[in-house]
Colleague: 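The structure follows.
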Number of protein chains: 2
Amino acid sequence: MQYIIFNMGVTQKHLFTDQQNELAALAKAIGHPARIAILQHLIQSNTCINGDLVQEIGLAQATISQHLRELKEVGLIQGTIEGTKVSYCIHPGKWNELQTLFDGFFKTFDKCCNSSC
Amino acid sequence: MQYIIFNMGVTQKHLFTDQQNELAALAKAIGHPARIAILQHLIQSNTCINGDLVQEIGLAQATISQHLRELKEVGLIQGTIEGTKVSYCIHPGKWNELQTLFDGFFKTFDKCCNSSC
DNA sequence: ATTATATATTGCAATATTACGATTAAATTA
DNA sequence: TAATTTAATCGTAATATTGCAATATATAAT
């Protein structure tokens, strides 16, 4: 009689620190070209709506909406309802956190110490 | 008679620039806590082998091997065969490219321009 | 009230990812 | 040569992701 085999297909987050999980979650969020494109367009135009991105990128409305939700869930963007539209923009605080976390991670590798193998 | 419906479940890379795809691919590669942990351990110990990481992280040998392959495929690490072991280390050039690409991306958002919505 | 506009959600199909055991491959050691 | 060590690959199971059409929801305009 079997109770649990093990969690197949699921990331074993408990093996890692909160910082490792957070860094990975942020990296994963920007780990799709559509979400990179969305962020770049938001940065350029300050704010924009779903429909703009559908035009700009060329994916279906539902698909863009889904990508926006993922970026929102990780906190990198925020949306404000304006009539029938929703105005999206970068969340400056989270963007700063993203930058700081990644910078810190990158800097831990000191290029002067020859890392060869 | 139907030839192509469309590519379900597959990222539509042709919609994006090479730079967007490259940035996303690198972000995706570090978008898993196990791969973050592997990179951090490589940075700390300069080089290490599969078995070390299995001990350190606590995932199965095959799983660590798979994560190592993903990091190798994107070019962030390299492996050198040494007897029965394979010594892994960071690829300094690619690490530098990673850093430069992300830095450039982060900087395009200028915090002074109030991005609110 | 009805129609138009815009986005979110649901449902579905297909591929991708995560994880592990078992096996294979390749070099080292006894 | 045979046994040991180490890592890669194969096979499999389960979940996650990607993408779209269709539908639902909610506000604005007629």
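These values consider heavy atoms only, across backbone and side chains, with no hydrogens, waters or symmetry-generated copies. Chain letters run A, B, ... following the sequence lines, proteins first and then strands; every chain starts at 1.
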Colleague: Sequence neighbours left out, what pairs pass disulfide bond (SG atoms under 2.5 Å apart) with at least one residue falling in residues 64-108 of chain A?
Modeller: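 Of all non-adjacent pairs touching residues 64-108 of chain A, those that pass disulfide bond (SG atoms under 2.5 Å apart) are A:Cys89-B:Cys117.
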Colleague: Using whole Å, report how far CD of B:Glu73 lies from C1' of C:dA16.
Modeller: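 So the CD-C1' distance, B:Glu73 to C:dA16, works out to 13 Å.
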Colleague: Using a 3.5 Å cut-off and no angle test, enumerate the donor-acceptor pairs between side-chain atoms of residues 49-62 of chain B and protein atoms at least two apart in sequence or in another chain.
Modeller:
| residue | atom | partner | partner atom | Å |
| --- | --- | --- | --- | --- |
| B:Asp52 | OD2 | B:Ile49 | N | 3.2 |
| B:Glu56 | OE1 | B:His41 | NE2 | 3.4 |

Colleague: Rounding to a whole Å, what distance do you find between A:Asp52:CG and C:dA6:P?
Modeller: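 About 10 Å, once rounded to whole Å.
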Colleague: Can you list, in residue-number order, the parts of residues 62-70 of chain B that come under 4.0 Å of DNA chain D, counting heavy atoms only?
Modeller: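 Heavy-atom contacts with DNA chain D come from B:Ala62, B:Ser65, B:Arg69.
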Colleague: May I have all residue pairs that pass ring-ring contact (aromatic ring centres under 6.0 Å, His included) and include part of residues 43-65 of chain A, sequence neighbours excluded?
Modeller: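 Matches after skipping sequence neighbours: none remain.
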Colleague: Can you list every disulfide bond (SG atoms under 2.5 Å apart) pair that touches residues 17-57 of chain A, not counting sequence neighbours?
Modeller: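 Listed by first then second residue: nothing to list.
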Colleague: Starting from P on C:dA13, measure out to CE on B:Met8 and report it in whole angstrom.
Modeller: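 Between P of C:dA13 and CE of B:Met8: 8 Å.
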Colleague: Quick one: which residue pairs count as a ring-ring contact (aromatic ring centres under 6.0 Å, His included) with a foot in residues 54-77 of chain B, not counting sequence neighbours?
Modeller: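 Counting only pairs at least two positions apart or across chains, the ring-ring contact (aromatic ring centres under 6.0 Å, His included) contacts touching residues 54-77 of chain B are B:His32-B:His67.
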Colleague: Could you check how far CG of A:Leu53 sits from C1' of C:dA6, rounded to whole Å?
Modeller: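 My rounded result for the distance is 13 Å.
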Colleague: With sequence neighbours excluded, what pairs up with A:Phe16 under the ring pair (Phe, Tyr, Trp, His ring centres under 6.0 Å) test?
Modeller: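 Per chain and number, A:Phe16 pairs via ring pair (Phe, Tyr, Trp, His ring centres under 6.0 Å) with no residue.
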Colleague: Which residue pairs satisfy the salt bridge (charged side-chain N to carboxylate O under 4.0 Å, His left out) criterion with at least one member in residues 9-29 of chain B, sequence neighbours excluded?
Modeller: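 Output for this query lists B:Glu22-B:Lys94.
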Colleague: Nearest 0.5 Å, what's the CG-OG1 distance between B:Leu42 and B:Thr47?
Modeller: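 Reported to 0.5 Å precision, the distance equals 8.0 Å.
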Colleague: For B:Lys13 and D:dT17, give me the distance from atom NZ to atom P, rounded to whole Å.
Modeller: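 B:Lys13 atom NZ is separated from D:dT17 atom P by 17 Å.
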Colleague: Taking for each residue the nucleotide of DNA chain D with the nearest heavy atom, is it B:Ile49 or B:Gln12 whose nucleotide lies nearer the 5' end?
Modeller: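 Here B:Ile49 is the residue nearer the 5' end.
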Colleague: When rounded to the nearest 0.5 angstrom, what is the spacing between CG in A:Leu71 and CD1 in A:Ile30?
Modeller: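 One finds 9.5 Å between CG of A:Leu71 and CD1 of A:Ile30.
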Colleague: Any pair with a residue in residues 68-81 of chain B that passes side-chain hydrogen bond (donor to acceptor under 3.5 Å, both in side chains), sequence neighbours left out, goes on the list, sorted by first then second residue, please.
Modeller: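 Passing the test, one end in residues 68-81 of chain B: B:Arg35-B:Glu70.
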Colleague: Under the rule for side chain to side chain donor-acceptor pair (under 3.5 Å), what residues qualify as partners of A:Thr84, not counting sequence neighbours?
Modeller: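 In terms of side chain to side chain donor-acceptor pair (under 3.5 Å), with neighbours along the sequence ignored, A:Thr84 is linked to no residue.
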Colleague: In this structure, how many angstroms lie between the C1' atom of D:dT18 and the CD1 atom of A:Ile57, rounded?
Modeller: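 For the pair A:Ile57 CD1 and D:dT18 C1', the rounded distance is 14 Å.
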Colleague: Does anything in residues 77-85 of chain B reach DNA chain D, meaning a heavy atom under 4.0 Å, and if so which residues?
Modeller: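 Result for residues 77-85 of chain B: B:Thr84, B:Lys85, sorted by number.
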Colleague: Taking DNA chain C as the partner, which of residues 18-38 of chain B come within under 4.0 angstrom of it by heavy atom?
Modeller: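 Here the set is B:Lys28, B:His32, B:Arg35.
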Colleague: Starting from the 5' end of DNA chain C, give me the residue, B:Gly58 or A:Val86, whose nearest nucleotide shows up first.
Modeller: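 The residue closer to the strand's 5' end, by nearest nucleotide, is A:Val86.
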Colleague: Using whole Å, what does the distance between atom P of nucleotide D:dC20 and atom CD of A:Gln61 come to?
Modeller: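 Atom-to-atom, A:Gln61 to D:dC20, this comes out as 11 Å.
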Colleague: Can you tell me which nucleotide in D:dA8, C:dA8, C:dC20 comes closest to the side chain of A:Tyr88?
Modeller: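 The nucleotide sitting nearest to the side chain is C:dA8.
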Colleague: Expressed in angstrom and rounded to an integer, what is the separation of B:Leu59 atom CG from D:dA7 atom P?
Modeller: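 These atoms are roughly 15 Å apart.
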